[in-house]
2 protein chains.
Amino acid sequence: MDGTDGTGSGAGPARGREATRARILASARELFTEEGYGAVSSRKIAAHAGVNVALINRYFGAKRGLLTEILREDGVFPGLIEGERDTLTRRLAEHAVSRLHGESSALQRALDHSAGDPDLQAVYQGRITSALIDPLEAYLGGGTDSRAHASLVTALMLGLTRVRQVEGATALRAQGREDLTRRIAALLDLCLADFGED
Amino acid sequence: MDGTDGTGSGAGPARGREATRARILASARELFTEEGYGAVSSRKIAAHAGVNVALINRYFGAKRGLLTEILREDGVFPGLIEGERDTLTRRLAEHAVSRLHGESSALQRALDHSAGDPDLQAVYQGRITSALIDPLEAYLGGGTDSRAHASLVTALMLGLTRVRQVEGATALRAQGREDLTRRIAALLDLCLADFGED
DNA sequence: TTGACAAGGTCAACAGCGTTTACATATACC
DNA sequence: GGTATATGTAAACGCTGTTGACCTTGTCAA
């Protein structure tokens with residue numbers, strides 16, 4: 001008994017399914033964090049994990065399955081879309097400013113950087129929808145316009161991340177942190193205002 | 001005389017430098033438009049142009065050079081960042097709504113779709129900076145806050161494009177076109193407001 | 001006219017990628 | 001013990017972008 005697996009019911013597996021899986025995943029996480037998704041090859045991950053390349057595809061289907069799994073474990077906007085409605089935009093704005101200042105985790109920054117990889121399009125599509133737009137829509141009450149409001153909020157949040165990637169957003173960061181947070185919160189409030197009121 | 005080249009001064013070139021270049025570029029443009037940057041290989045472009053693969057690298061340095069050249073020819077936000085200041089945000093908002101409705105050129109849509117390709121990171125970085133942020137900053141007068149204002153505007157514009165890619169933005173498009181345009185214009189106005197006023 | 005030089009174009013190869021297939025090995029149950 | 005099954009391995013497949021050696025064509029100078 002090596003006590004690794006949970007499939008103990010049927011015909012017993014062998015050496016270390018879960019252990020191997022975990023080793024691959026840990027290596028992928030580390031390398032993606034350091035170098036980004038596109039820059040790390042399957043063979044490199046396998047070598048780092050001390051494992052055969054083919055096992056990546058065996059256990060995760062394909063390279064992108066590694067990232068899917070990593071994303072599944074980490075929340076992108078953890079704990080923001082819950083709690084008081086009055087302070088929602090303030091919380092989101094603070095989160096956005098933190099990101100502008102590079103205060104998100106190293107992994108998160110690397111993943112932002114890999115967001116446009118063609119291979120990951122479907123992964124990020126599902127991720128943004130299920131971790132941001134959908135929860136926002138539900139949080140806002142699910143009315144007819146909730147989806148549109150959620151989309152506008154998402155646009156601003158994603159756009160800020162992109163601008164930081166493209167030009168560093170030094171001018172934004174040079175604004176006082178509180179001023180910038182208030183401005184973004186105000187923008188988010190306007191995103192959430194009823195349509196036809198401007 | 002085959003009348004192709006402009007270098008006629010020195011020792012004469014041979015068959016068709018400019019003609020070949022143009023043929024490659026036209027093929028790349030067509031294929032990128034139809035299938036996107038990442039999905040089209042160098043060999044495919046060469047075959048479509050009836051040309052040897054190596055010529056792509058000879059004339060454009062690398063595959064990404066093709067896209068650089070195409071972007072150089074087409075303006076991304078042509079003619080928006082000029083003219084009356086009072087209607088700037090309205091013009092930008094109308095442009096954004098057009099994009100949301102898929103009314104940009106097929107090429108532009110394909111390029112939006114390829115925006116995150118790792119190979120193109122530097123290309124798009126320079127493009128967005130030189131075709132959007134920099135002109136905006138200059139247009140806004142170049143004051144200390146102009147850059148920050150330009151960054152916010154860019155964030156919103158890029159974010160809207162991304163949301164359309166990710167979830168289709170059907171809820172946004174379902175809003176009345178005029179209402180949506182007004183909302184985005186209002187957001188852009190707020191992006192441009194002085195800091196510390198909220 | 002003949003030689004030399006350079007530009008344009010071709011061919012085949014390189015190193016790397018993600019992925020798959022056929023095979024060997026070790027484990028657990030009957 | 002035999003056998004099915006899960007785990008791990010090795011080697012290849014087809015593809016990518018890119019490069020270097022080669023051939024061909026055209027033009028100029030001697």
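Throughout, protein chains are lettered first and strands after them, A, B, ... in sequence-line order, and every chain is numbered starting at 1.
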Between [atom2] on [N] and [atom1] on [X], what's the gap in Å once rounded to a whole number?
| X | N | atom1 | atom2 | answer |
| --- | --- | --- | --- | --- |
| B:Lys44 | D:dT16 | NZ | P | 9 Å |
| A:Glu35 | C:dC17 | CD | C1' | 15 Å |
| B:Tyr37 | D:dT16 | OH | P | 13 Å |
| A:Leu66 | C:dG18 | CG | P | 10 Å |
| A:Leu55 | C:dC23 | CG | P | 19 Å |
| B:Arg64 | D:dT18 | CZ | C1' | 11 Å |
| B:Asp119 | C:dC17 | CG | P | 15 Å |
| B:Arg23 | C:dG8 | CZ | P | 14 Å |

Which part of the nucleic acid, if any, lies within reach of A:Ala54 when heavy atoms closer than 4.0 Å are counted: base, sugar-phosphate only, or nothing?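 Base: the residue A:Ala54, judged by heavy atoms under 4.0 Å, touches a nucleobase.
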> With a non-hydrogen cut-off below 4.0 angstrom, is A:Phe60 in contact with a base, only sugar-phosphate, or nothing?
Replying inline: nothing
Assert: residue with more 5' nearest nucleotide on DNA chain C, out of A:Gly61 and A:Ala39, is A:Ala39
To the closest 0.5 Å, what do you measure between CZ (B:Arg162) and CD (B:Gln165)?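 Reported to 0.5 Å precision, the distance equals 6.0 Å.
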CZ of A:Arg127 to CD1 of A:Ile133, rounded to nearest 0.5 Å, is 13.0 Å
Winner on side-chain proximity to B:Ser42, out of D:dT7, D:dA10, D:dG17, is D:dG17
| query | Which of the following nucleotides, D:dG17, C:dG8, D:dT19, is nearest to the side chain of B:Ser41? | reply |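 For B:Ser41, the side-chain atoms sit closest to D:dG17.
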Comparing B:Arg58 with B:Lys63, nearest DNA chain D nucleotide closer to 5' gives the residue B:Lys63
Do A:Arg43 and C:dG16 share a donor-acceptor pair, side chain to base, under 3.5 Å?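 Side chain to base: no pair below 3.5 Å.
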**Prompt:** Does any N or O in the side chain of B:Arg17 come within less than 3.5 Å of the main-chain N or O of B:Tyr59, such that one atom is a donor and the other an acceptor?
**Reply:**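 Flag not set: sc B:Arg17 to bb B:Tyr59 has no pair under 3.5 Å.
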Point to revise | Phosphate OP1/OP2 of D:dT7 contacted by A:Thr20 side-chain N/O (<4.0 Å) | key: no
query: Does C:dG9 have OP1 or OP2 sitting under 4.0 Å from an N or O in the side chain of B:Asn52?
result: no
Correct closest heavy-atom pair for B:His48 and B:Ser27 would be ND1-OG, 2.9 Å
For this session: Give me the ring orientation class for A:Phe195 and A:His149: parallel if the planes are under 30° apart, tilted from 30 to 60°, perpendicular past 60°.
Result: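 A:Phe195 vs A:His149 ring planes: parallel.
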